[in-house]
Amino acid sequence: VRLPEPNTLRTIFLVEDNLLVRDALVMMIDGEEDMRVCGAAETAMEALARIPAHRPDLVLTDLSLPGMSGMEFISRLRDLIPRPRVAVLSGHSDPYIARQAIGAGADHFVLKGDPDVMLGGIRMALVSERAPDDSLKANRL
Amino acid sequence: MTDRVSKTHQEKSRRKTSLTSGAWNLSVSSPGGMLPGNIPPVLMPPVAFPADRQLQARVDVLENQLAELREYTRRLTSELILAEQAERLRIAAVLHDDLQPVFVAARMSIARAGKGIPPEQTADLTSASRMIDGALEITRTLTAELSPLVLQQEEDIVETIRWLAERAEANHGLHVDIDAPMPRSLPLDMRSLTYHIARELLLNVAKHAGTDRARITLRNHTSHLVVLVEDDGAGYDKAEVRERPDAANGGSGLRSVGERLRLIGGSLETETCPGKGTRVTVRVPYRTSLSSCTMNHTDCEIA
């Protein structure tokens with residue numbers, strides 16, 4: 001049974017349109033003792049409507065979202081509620097995308113894939129200052 | 001008698017001239033076409049005869065048909081470039097939106113399944129994880145190769161070229177200097193074409209030139225963008241490369257690209273020789289010029 005200390009438990013709001021990935025992320029995060037998922041949304045509009053009430057420590061968002069780009073979502077979220085940290089969780093290992101996301105207001109960029117790497121990136125986003133992800137690997141030409 | 005023969009010869013000469021051109025022509029008004037001393041030839045007006053007019057009309061019809069065919073080919077080629085780009089986008093979307101999430105979810109499922117199991121009993125899970133990581137890397141690489149996001153999001157081709165240079169440095173240790181004083185917005189199909197050509201040329205430098213430096217110059221002209229890709233590397237003998245067995249089948253992806261460029265009014269020319277480096281000049285017509293451009297017969301030499 002997972003009984004984390006109240007003062008160490010961090011809350012995460014997920015924005016991910018792919019059900020398979022969203023469910024796997026919820027199980028992965030809820031399987032950790034120091035974090036839990038407080039809510040999840042499939043679209044950016046849904047997330048913008050629900051995040052203020054949840055007051056999460058971190059918003060973990062995909063960039064490919066229906067109806068509104070992830071970049072626009074981050075900008076609008078920053079205008080709406082400045083408090084939560086924002087980490088982009090993306091399948092693109094392209095430094096250009098990471099720079100775009102950071103420029104739009106994201107604090108961290110986490111590459112989808114290896115769960116240990118993802119959890120490390122999420123923890124870093126929860127506790128540290130904004131820093132670009134150095135785990136990005138540029139693809140071959 | 002001699003005068004009559006001379007006049008008949010002149011007449012034949014005029015008729016021959018009027019067949020080949022409707023413009024005024026230089027005619028030699030002496031038998032045998034030779035002028036004594038330094039007397040200049042006389043400008044003679046063309047003389048049209050009924051048979052000549054019929055022939056000229058036929059030539060005009062054929063020339064019009066040829067122009068229409070060229071325009072048709074140009075439009076088809078332009079549509080082919082658009083279709084190629086659309087297909088790249090589609091495949092990239094399938095890889096990123098459909099295939100990659102399955103790998104990501106599977107990777108998390110395996111990690112979850114391995115929790116609490118002693119490490120010595122998780123060899124198969126570890127092996128499966130590595131395979132999935134490899135598959136994920138392939139999908140990422142393919143997605144970026146087929147249609148990098150910078151290409152889709154930045155209308156300025158200079159931004160895409162800068163991005164390409166960064167990747168060439170990161171992945172091949174090829175430092176690329178860029179000389180592009182002005183931004184240049186291009187439609188997606190032309191950006192895509194320019195990107196894929198520049199990428200192919202940089203790959204050639206990285207693979208064959210034996211140097212770690214290259215230079216890309218972008219220049220805006222009225223009707224086209226000029227892309228120069230240069231290196232001070234090994235260079236090569238173009239004739240020798242043309243004679244290689246694979247040359248007839250294209251030899252290089254650049255050959256087909258160069259042919260398509262030529263068909264839409266652009267060109268791709270290579271200047272090189274052993275030990276002297278290589279310079280490739282690519283001319284990409286702007287979209288606005290595609291609807292009215294005429295054929296450009298610039299020789300397309302692609303090694």
Should B/Asp232 and B/Arg213 count as side-chain neighbours, where that means a heavy-atom distance under 4.5 Å?
no
Based on non-hydrogen pairs under 4.5 Å, which of B/Val104, B/Leu136, B/Val150 is most in contact with chain A?
B/Val150
Under a 4.5 Å cutoff for heavy-atom pairs, which residue among A/Arg22, A/Lys112, A/Met118 has the most contacts with chain B?
A/Lys112
Closer than 4.0 angstrom, basic N to acidic O: yes or no for B/Arg215 and B/Asp179?
yes
Turns out that what part of B/Arg112 lies under 4.5 Å from chain A's heavy atoms comes down to side chain
Counting only heavy atoms closer than 4.5 Å, note whether A/Glu16 contacts chain B via side chain, backbone, both or neither.
neither
B/Thr143 versus chain A, the contacting section by heavy-atom distance below 4.5 Å
side chain
Heavy-atom distances under 4.5 Å only: say whether B/Glu159 touches chain A with side chain, backbone, both or neither.
neither
Contact class of A/Leu20 relative to chain B, heavy atoms under 4.5 angstrom:
both
Any salt bridge between B/Arg88 and B/Glu145, counting N to O under 4.0 Å?
no
Are the side chain of B/Asp156 and the backbone N or O of B/Ser185 linked by a donor-acceptor pair below 3.5 Å?
no
Of A/Asp17, A/Asn18, A/Asp23, the largest count of non-hydrogen pairs under 4.5 angstrom with chain B goes to A/Asn18
Relative to A/Tyr96, does B/Arg162 satisfy both conditions: NZ or CZ under 6.0 angstrom from the six-membered ring centre, and within 45 degrees of the ring's axis?
no
Are the charged groups of B/Glu154 and B/Arg191 less than 4.0 angstrom apart, N to O?
no
